[in-house]
Amino acid sequence: MSEILEKLAEYLVAGKLDEVVALTEEALAGGAEPSDILDNGLLSGMGVVGELFAAGELFVPEVLLRAKCMHGA
């Protein structure tokens, strides 16, 4: 399951909405706890997004796209 959560974080950082939604559904169907998906997948990815934003590597529109991925999940 941790592999799915790592991939979920990776797709979130990349801003791939469809993949984030699909992996979230797959994790839930596989019996993952929603709190694990949130803590170890989605919030982990958003932490990286925050670091990239702080470093000037992502800008507000890109951060908003990642937030949309998070909302979709």
Looking only at heavy atoms, the pair that brings Leu23 and Leu8 closest together is CD1-N, 3.7 Å

Minimum heavy-atom separation for Pro34 and Leu28, please, with both atom names. CG-CD2, 4.1 Å

Leu17 CG to Leu65 CG distance, which is reported to the nearest 0.5 Å: 7.5 Å

Euclidean distance, Met70 CE relative to Leu64 CG, rounded to 0.5 Å: 14.0 Å

Could you pull out the closest heavy-atom pair between Ala73 and Val20, with the gap in Å? CB-CG1, 3.8 Å

Testing the basics here: between Gly45 and Leu12, what is the closest heavy-atom pair and its distance to 0.1 Å? C-CD2, 3.5 Å

Least distance between heavy atoms, Ala9 atom then Gly41 atom: CB-O, 3.3 Å

Could you grab the distance from atom CD of Glu33 to atom CG of Leu38, nearest 0.5 Å is fine? 12.5 Å

Starting at CD of Glu10, measure out to CD of Glu19 and round the result to the nearest 0.5 Å. 10.5 Å

Spell out, as yes or no, whether a donor-acceptor pair under 3.5 Å connects the side chain of Glu62 to the backbone of Phe59. yes

Ile4 to Ala27 - nearest heavy-atom pair and separation: CG2-CB, 4.0 Å

To the nearest 0.5 Å, what is the distance between NZ on Lys16 and CZ on Arg66? 10.5 Å

